[in-house]
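Following: one structure in structure tokens, then a few remarks.
No hydrogens, no waters, no symmetry mates; every other heavy atom, side chains included, goes into these values.
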Amino acid sequence: MRDDARLVAEAKAGDRAAFEAIVLQYQDRIGRYLYRLTSDWELARDLTQETFLRAYQHLGRQRDDAALYAWLYRIATNLAYDKLRRRRRLAWVPFGRAAEAHPEALVPDVADGQADHDLFRRALAALKAEHRACLLLHLGDGLSTEEVARTLGISHAAAKKRIVRAKAAFRTAYERLVGEVRG
């Protein structure tokens with residue numbers, strides 16, 4: 001498989017097969033990410049399509065050596081935020097398999113290793129939108145702090161700070177919800 005820089009260069013030169021290869025390589029990841037942001041499969045599909053349409057339209061702005069995935073995630077994130085703002089709703093879902101496999105990464109002292117999906121969803125919904133996005137990208141999609149920074153167009157220090165704050169806020173919200181359930 002060709003690397004991203006080469007695909008971008010070829011797509012910019014008019015090679016439709018190169019752009020198709022980009023779409024095939026990233027559409028599933030972008031679609032799953034958008035679903036977790038919106039909790040709506042139809043909307044996620046539409047936004048995924050719009051992400052790649054925008055990428056195609058603005059391919060000339062993309063540097064060949066720049067991180068393609070970060071650029072695509074940034075487009076997807078901005079489209080999702082715009083759509084959700086217009087709808088005036090923020091409906092978020094749990095991290096999915098990543099959170100199920102490693103809930104201790106977010107929540108201390110999970111006795112059975114499996115956190116309740118509803119509590120995850122509710123705790124995640126209690127976070128600020130930018131903190132949710134950081135956690136979804138960092139823990140849900142496994143992006144490094146530097147990759148989160150590039151994806152969201154923020155400094156590395158800001159990404160680190162948001163991730164730390166988001167984890168702390170998530171733990172607090174989750175523990176409060178667990179206390180309510182047990183109490």
Side-chain angles (χ1 to χ4, degrees), residues 1 3-8 22 25-39 44 47-48 51-52 54-55 58 61-85 90-110 113-115 117 119-177:
M1 181 184 292
D3 66 333
D4 286 351
R6 179 181 230 161
L7 286 174
V8 170
I22 291 170
Q25 184 174 343
Y26 288 102
Q27 73 180 355
D28 288 344
R29 285 178 62 189
I30 297 289
R32 285 189 303 271
Y33 170 68
L34 288 167
Y35 171 70
R36 289 193 313 267
L37 284 175
T38 64
S39 74
L47 290 172
T48 300
T51 296
F52 288 102
R54 293 266 176 99
H58 299 289
R61 296 180 189 171
Q62 175 66 359
R63 289 190 348 250
D64 295 348
D65 63 339
L68 177 61
Y69 67 87
W71 184 58
L72 293 171
Y73 272 98
R74 180 185 282 180
I75 293 169
T77 300
N78 289 340
L79 286 170
Y81 282 173
D82 289 347
K83 185 65 156 186
L84 292 171
R85 265 194 297 273
L90 294 174
W92 300 82
V93 296
F95 292 107
R97 290 188 302 227
E100 291 170 12
H102 304 288
E104 66 279 0
L106 291 176
V107 183
D109 303 323
V110 178
Q114 292 293 323
H117 289 280
L119 294 180
F120 260 88
R121 182 185 53 75
R122 290 171 52 200
L124 190 59
L127 302 179
K128 292 179 181 178
E130 64 264 14
H131 290 161
R132 282 184 220 127
C134 283
L135 280 180
L136 286 170
L137 291 169
H138 184 63
L139 297 175
D141 284 339
L143 271 61
S144 71
T145 308
E146 184 63 40
E147 292 169 328
V148 169
R150 278 195 307 256
T151 300
L152 296 178
I154 59 178
S155 71
H156 184 253
K160 277 179 139 176
K161 204 178 285 189
R162 284 185 190 178
I163 291 168
V164 168
R165 288 179 180 167
K167 285 180 180 179
F170 182 88
R171 280 189 192 102
T172 300
Y174 186 83
E175 289 169 353
R176 180 184 50 78
L177 290 167

| So which heavy atom on Y81 is nearest to which on A133, and how close? | OH-CB, 2.9 Å

| query | Among side-chain atoms of Y73 and R150, is any donor-acceptor pair under 3.5 angstrom? | reply | no

| Where is the tightest heavy-atom contact between A80 and L47, given as atom of each residue plus distance? | CA-CD1, 3.9 Å

| said: Does any part of the side chain of T51, heavy atoms only, come nearer than 4.5 Å to the side chain of Y26, both counted from C-beta? | reply: no

| task | Run through Q25, E147, R29, R74 and flag the one making a side chain to side chain donor-acceptor pair (under 3.5 Å) with Y69. | result | E147

| request: Any chance you could measure W71, atom CH2, to I22, atom CD1, to the nearest 0.5 Å? | output: 8.0 Å

| field | Distance in Å, E175 CD paired with T172 OG1, rounded so as to fall on 0.5 Å steps | value | 6.0 Å

| query | Under the side-chain contact (heavy atoms from CB on, under 4.5 Å) criterion, do D141 and R36 qualify, and how do the steps go? | reply | CA-CA 11 Å; D141 284 339; R36 289 193 313 267; 2.6 Å; yes

| Measuring from R32:CZ to L37:CG, what's the distance to the nearest 0.5 Å? | 13.5 Å

| query | Tell me, do L79 and R54 make a side-chain contact under 4.5 Å, heavy atoms counted? | reply | yes

| said: Side chains of T77 and Y33 only: does a donor on one sit below 3.5 Å from an acceptor on the other? | reply: yes

| query | Hey, mind stepping through I163 and T145 against side-chain contact (heavy atoms from CB on, under 4.5 Å) and telling me if it holds? | reply | CA-CA 8 Å; I163 291 168; T145 308; 4.2 Å; yes

| When rounded to the nearest 0.5 angstrom, what is the spacing between CZ in R132 and CG in L124? | 6.5 Å

| Less than 4.5 Å apart, any side-chain heavy atom of L143 and any of T151? | yes

| Rounded to the nearest 0.5 Å, what separation is found between the NE2 atom of H58 and the CD1 atom of I75? | 7.5 Å

| query | What heavy-atom pair brings A44 and G31 nearest, and what distance separates the two atoms? | reply | CB-O, 3.8 Å

| query | Roughly how far, to the nearest 0.5 Å, is the NE2 atom of H138 from the CG atom of L152? | reply | 12.5 Å

